[in-house]
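Presented below is the structure to which this report refers.
The shown structure was predicted, so the numbers you read here are calculated from the model rather than taken from an experiment.
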Amino acid sequence: MNTAIAITAIIAAFLLGSIIVYAIRDTAVAKHKASARYPHPDGDLTVLGPEIFASKDQQVICWKGENYTRQTEPR
């Protein structure tokens, strides 16, 4: 009977430890995301938001890995 109680206590401690670890990790991730302010310079780029970058000369915008360039206005 004591073995079953010991096993249950070990499982409960493991689950509680896992919950605490995930809570700490999620809090750290949330703080990191909250600390990101846009726009901000980053090397040769300006970060406009998550997954959105612009070149310093404002000729190219990269959004989700796709590059978009400025086009001349039609006449």
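Hydrophobic cluster of Leu48: the remaining members, joined at side-chain heavy-atom separations below 4.5 Å, are Ile52, Ile61, Trp63, Tyr68, listed by chain and number. Through ILVMFWY side-chain contacts below 4.5 Å, Ile10 is grouped with nothing and stands alone.
Within 6.0 Å of CD on Gln58 lie no more than 12 heavy atoms contributed by other residues, nucleotides or ligands. Annotation for Asp57: atom CG counts as buried by contact number, over 12 foreign heavy atoms lying within 6.0 Å.
Between atom CG of residue Asn67 and atom CZ of residue Phe53 there is a gap of 11.0 Å, rounded to the nearest 0.5 Å. Rounded to the nearest 0.5 angstrom, Lys56 NZ and Leu45 CG are separated by 8.0 Å.
Scanning for side-chain contact (heavy atoms from CB on, under 4.5 Å) contacts around Asp42 gives Val47, with sequence neighbours left out.
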Is there a side chain to side chain contact (heavy atoms under 4.5 Å, CB included) between Thr69 and Gln59? Walk through the geometry before answering. CA-CA 6 Å; Thr69 58; Gln59 295 298 314; over 6 Å; no
